[in-house]
Amino acid sequence: MAKRPALKPGERATLPPPTQLTPKWGQSVSKPTAKPQSSQPLAKAPPKSSDNPGLASERLRSAMVARLSRQGITDERVLQAMGQTLRHRFVDDALASRAYEDTALPIGFQQTISQPYVVARSQALARDYCQVPDGPQVALEVGTGCGYQAAVMALLYPQVVSVERIAGLHELAKQNLSGMDLPQLRLVLGDGLVDAQAHGPFDVIVLAAGMADIPVDLLRQLRLGGVMVAPLGQPEQRLKVIRRSLDPFAPQPYQTFEFESVAFVPILRGVQN
Ligand code: SAH
């Protein structure tokens, strides 16, 4: 989410199909085979990360979840969803070894994959503040990017719509998510501030890009008791939760809660082909 100029404008992060993931997690899977010196059977050595790329990414992911919990994320479902979503599949091959660091990484088109803490924090706040009586069912993300947060959200809500304005990133997200069985997730190409409205109303709206002010039209898409989590403000951005009152006649229909400073890329308008 932080602005990083690492890829040139229009340059696209390409991802290999899952079968090509192997080299990311180790130097080589094949090892020189030493001949046993005696006829005694050799004790089996514990597997090293380089022996099993899947295991290496699993360890890094568990370490990331442990770090998130030390950083104050206590929502077990969010921690579980973060632990289940393979973040390394959403970044370029060259960056995959850094996928579980607590940092934003470039995904092309001058955009970034959000820092794990910010993804977890946004989802935990949404779940914590949402007062929709039967629990949140329908969620919207504005700013699919590479699709990572959308995949996390698909593990938290029965229905998720994620809108992206850059056609190349919409395609990249589709590609990244294609092997995952997430029929509850719908990816839409469009300007999330306008085109999401056809899919509402929503119990949860998460903006993955920053705005100076609250997007009022989108706020009207919240169900009673629903919440929007958004990086708002200029020049200083803060993560905010805006909750629609459960009472349709409340004199104050929306309540705002303010959290930490953040640095998201800005929301832009219209579709970029
Ligand atoms: N959700 C991503 C992070 C995406 S970065 C993740 O999981 O890491 C923010 C994204 O918001 C960018 O891809 C940007 O193109 C997109 N964006 C900005 N303005 C938008 C708008 N009006 N509608 C839809 N997407 C928008």
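Both counts, for ligands and for their atoms, begin at 1 and track the order of listing. Here the structure is a predicted model, which is why all the values come from computation and not from measurement.
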Show the nearest heavy-atom pair for residues [X] and [Y], with the distance to one decimal.
{"X": "Asp195", "Y": "Gly190", "result": "OD2-CA, 3.2 Å"}
{"X": "Val265", "Y": "Gln110", "result": "CG1-O, 4.4 Å"}
{"X": "Leu218", "Y": "Gly192", "result": "CD1-O, 3.9 Å"}
{"X": "Cys146", "Y": "Asn176", "result": "O-ND2, 3.0 Å"}

Should you measure from each heavy atom of [X], which atoms of ligand 1 turn up under 4.0 Å away?
{"X": "Val142", "value": "23 (N), 24 (C)"}
{"X": "Thr112", "value": "3 (C), 4 (C), 5 (S)"}
{"X": "Tyr148", "value": "7 (O)"}
{"X": "Leu169", "value": "13 (O)"}
{"X": "Gln111", "value": "12 (C), 13 (O), 14 (C), 15 (O)"}

Backbone, side chain, both or neither: what part of [X] comes under 4.0 angstrom of ligand 1, heavy atoms only?
{"X": "Val119", "value": "neither"}
{"X": "Glu141", "value": "side chain"}
{"X": "Ile166", "value": "side chain"}
{"X": "Ile107", "value": "neither"}
{"X": "Asp191", "value": "both"}

Just going by heavy-atom distances, which of [options] is nearest to [atom]?
{"atom": "atom 19 (N) of ligand 1", "options": "Leu268, Ile113, Leu172", "result": "Leu268"}
{"atom": "atom 6 (C) of ligand 1", "options": "Ser114, Gly108, Gly145", "result": "Ser114"}
{"atom": "atom 14 (C) of ligand 1", "options": "Gln110, Met153, Glu164, Gln149", "result": "Glu164"}

Ligand 1 and Ala208, any nitrogen or oxygen pair closer than 3.5 angstrom? no
Considering both backbone and side-chain atoms of Gly192, is one of its nitrogen or oxygen atoms within less than 3.5 Å of a nitrogen or oxygen in ligand 1? yes
Any heavy atom of Gly190 closer to ligand 1 than 4.0 angstrom? yes
Cluster question for you: counting only ILVMFWY and a side-chain heavy-atom cut-off of under 4.5 Å, with indirect links fine, are Leu155 and Ile113 together?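 Leu155 and Ile113: one cluster.
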Is there a continuous path of hydrophobic side-chain contacts, each under 4.5 Å between heavy atoms, that joins Leu207 to Val138? yes
Arg186 atom CZ, neighbour heavy-atom count above 12 within 6.0 Å: no
Could you tell me whether Arg87 sits above the aromatic face of Tyr100, with NZ or CZ closer than 6.0 angstrom to the six-membered ring centre and within 45 degrees of the axis?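 Ring-cation test returns no.
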Donor-acceptor contacts, no H, no angles, side chain residues 256-263, under 3.5 Å, sequence neighbours left out:
residue	atom	partner	partner atom	Å
Glu258	OE1	Arg238	NE	3.1
Glu260	OE1	Arg121	NE	3.1
Glu260	OE1	Arg121	NH2	3.1
Glu260	OE2	Tyr117	OH	2.7
Glu260	OE2	Arg121	NE	3.0
Ser261	OG	Glu236	OE2	2.4

Check whether any side-chain heavy atom of Arg61 sits under 4.5 Å from a side-chain heavy atom of His88, and report yes or no. yes
